[in-house]
Peer 1: 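Structure incoming, see below.
First the proteins, then the strands, lettered A, B, ... as listed; each starts at 1.
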Amino acid sequence: MPAIVTTGITKSFGAGETRTSVLRGVDFEAEAGEMTFLVGPSGCGKTTFISILSALLSADGGALSVFGTEPNRLKSGDLVRFRRDMVGFVFQQFNLLPALDAAENVAVPLIIQGVSPRKARQRACAWLELLGLGAHLGKLPSELSGGQQQRVAIARALIHEPRLLVCDEPTASLDAETGRQVIELLREVSLNPERAAIIVTHDDRIYPYADRIAFMADGRLTHVERPDPARIPARPIRGETQP
Amino acid sequence: MLGIALKMLFGDIVKMLGLVMGIAFSTLLMAQQGGFFIGLISRAANTVTEAQGVAIWVMDPKTETAEGPTAMRDVELYRVRGVEGVRQASPLVQATTTLRTPQGRSSAAAFLGVDDASLLGINPRFVVGSPEDLRRPDAIALDQLGFSRLWPGEPLATGKEIEVNDRRATVVAITEALPGFTAPVIVYTRLSQALSYVPGGRNRLSFILVEAEPGRDPRAIAQAISAQTGLLALTTPEFQRRTIDYVLNNTGIAPSFGVVIALGAVVGILVTGLTFTLFVNDNLKQFAVLKAMGLSNWRLLGMVLAQALVVAFIGYAIGLWIASGFFDAVNQPFSDLKGFWLPWQIAVMVAGATAVIVSLASLIAIRRVLRLDPATVFRG
């Protein structure tokens, strides 16, 4: 069974005459161990859809299962725990906490889970070493380049070993070469048989890195493609990249 | 998460300083004005506070305050002495007059004429000389503030001559008396001398100071005196209270200080509230990220409150430190503000007010954090 299954997901915003239907019945599947890209024009509902997948928003209708859990049926406290334990986020603007250094930023999800700050920092340092940022552990985000910040964000998204990784335009704020490095890194460190990665992107230069590409338009999933396997860059052996 | 909250707070040093300064200024204003208020109204009762060994004050029933007595007939002294439980009853004459030096300097002063024999009611803190020196001819004891006003820059010394209502007086001692309300300079002399220095009519007796017999309840003796003489007899604490109440009820001091103190609180709420709201608004995205990552509303609330409390504590400590430094600086023997201090009760009340200010200031910010939609993390 697919790791993530949605059926007929709908979502509207506003009320009365200003009511806008953003999702009009999205049927979607994603497999664990795969990187699924969600693509489509601006305003087609991609961001709303990943917000629902990651339990940041609730759907108005339809069914949703994420590794067997149905976020739509969870109470508020359980939703918070679901996000805390099951989901890792990578954002377009990195969204690192500017007052914390790189290691502290990466440690945040563990601290939220209740791990002591000292242990959390140790693990954060190991992740940053793995991502080639061993020399930048104590640097503030403002002292890092965009690519380095996104690598810190990737470490933060993965440190608590979430089963669902949600990335919103992870390469949009980066130049072409840095974007390529980041997506390669994501493939390298994020994929394992227990995790599904959903990546929203407009950047067609990174399409070859997807295992499958889901196209959205006007609040619906229109079709799913599998890129030419010959174009998919070689990937490391899955599950062997945890620090 | 406490450490993260504090790093977020100290990471924006400009806003944090704005918050701290807002609280510090508010604290300073409330503590300084509160101390001033207490110091000022206490002055009204300093005559009573300073009188050593006096258990009961007897006065004309029309007397409202220690500094505005209605004179009594001399015979009342003997009637009071006849009341059971009275160990000693001594007269006190009080009046305000002007002191002049031969060089032409002058100062208003409260003249206190105490019983020639017992010297009951005199302030015991003599810096130069002793109460016994008052038994010399034309002798007066002047306080340090009066000396510094009449002979500025000169070291404290006795033997100086001054003129009081065209009569010569000699400074034989210098005291450390607390200033009065209407006249900050305090002069002690014997009753017989005071009567010649201060003009007046047939009835000159301001108060009768009573020492109670050992083991007797001053309150019961005071009631007996009132019942037997028709005079008003109050224990020392009761008379202090009556005097302060009179000042509070018959002057604009309480409302004017109240307005300033309230302004301090309002300024604190506005400055702190606006700055804190700005601070939280600037950090909303960060709070949204934390919320998206699974931080509960309660823990977010704890973070915001921790930030508010730290700011409040630092601001309060700075404000109180400046206020207490101010009072330390002005509460000097030769200062016009002598006797003004910062009571611990004011510090506690200001701490409470600061807590209220910060709570109110945090409310709007906290509401925004609690209502924050974590999905905003995906917005640009």
Side-chain angles (χ1 to χ4, degrees), chain A residues 11 13 46-52 54-58 76-77 79-101 104-105 107-114 116-118 120-121 140-142 153 156-157 159-160 162 166-169 172-173 200, chain B residues 1-20 275-276 278-308 310-311 314 365 367 369-380:
Chain A
K11 180 71 181 176
F13 293 104
K46 304 184 297 291
T47 299
T48 302
F49 185 60
I50 59 166
S51 296
I52 289 171
S54 51
L56 294 175
L57 285 179
S58 57
S76 130
L79 274 177
V80 169
R81 280 185 283 278
F82 174 82
R83 289 201 302 268
R84 184 188 70 188
D85 299 331
M86 292 282 285
V87 187
F89 293 98
V90 177
F91 307 101
Q92 177 181 346
Q93 298 296 335
F94 323 132
N95 285 345
L96 299 176
L97 303 185
L100 306 188
D101 66 27
E104 288 165 339
N105 262 292
V108 166
L110 293 180
I111 294 171
I112 291 175
Q113 284 184 333
S116 74
R118 191 159 158 262
R121 189 180 172 89
L140 295 174
S142 58
R156 181 179 68 178
I159 191 170
H160 56 304
V166 176
C167 308
D168 183 39
E169 304 277 10
S173 298
V200 168
Chain B
M1 297 309 294
L2 187 63
I4 293 173
L6 296 185
K7 286 213 165 191
M8 285 170 71
L9 179 66
F10 286 97
D12 192 344
I13 200 74
V14 174
K15 282 207 183 59
M16 197 207 73
L17 284 178
L19 285 165
V20 166
T275 318
F276 200 66
L278 280 176
F279 172 77
V280 169
N281 277 358
D282 282 358
N283 289 322
L284 269 184
K285 188 84 177 181
Q286 298 178 47
F287 286 124
V289 170
L290 293 171
K291 211 165 175 175
M293 289 198 292
L295 193 66
S296 66
N297 267 345
W298 283 111
R299 292 176 75 186
L300 275 173
L301 185 67
M303 288 178 73
V304 174
L305 283 178
Q307 290 170 336
V310 167
V311 161
I314 297 173
R367 273 167 55 94
V369 170
L370 292 183
R371 292 181 171 187
L372 184 62
D373 178 1
T376 56
V377 288
F378 288 130
R379 291 173 202 150

Peer 1: Give the member of A:Arg156, A:Glu169, A:Gln113, A:Gln92 that has the highest number of heavy-atom pairs under 4.5 Å with chain B.
Peer 2: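 Sorted descending by pairs with chain B, the first entry is A:Arg156.
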
Peer 1: Does the distance from a Lys or Arg side-chain N to an Asp or Glu carboxylate O, for A:Arg121 and A:Asp101, drop under 4.0 Å?
Peer 2: yes

Peer 1: Compare every heavy atom of A:Ala153 with every heavy atom of A:Phe94, then report the nearest pair and how far apart it is.
Peer 2: O-CB, 4.1 Å

Peer 1: Ignoring hydrogens, what is the shortest heavy-atom contact between B:Leu6 and B:Ala306? Give both atom names and the distance.
Peer 2: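 Taking every non-hydrogen atom into account, CD2-O, 4.5 Å.
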
Peer 1: With a 4.5 Å cut-off on side-chain heavy atoms, are A:Thr48 and A:Phe13 touching?
Peer 2: yes

Peer 1: Heavy-atom cut-off 4.5 Å, strictly under: side chain, backbone, both or neither for A:Val200 against chain B?
Peer 2: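 For A:Val200, neither part sits under 4.5 Å from chain B.
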
Peer 1: Less than 4.5 Å to any heavy atom of chain A: does that hold for the side chain of B:Leu9, its backbone, both, or neither?
Peer 2: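 No part of it gets close to chain A.
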
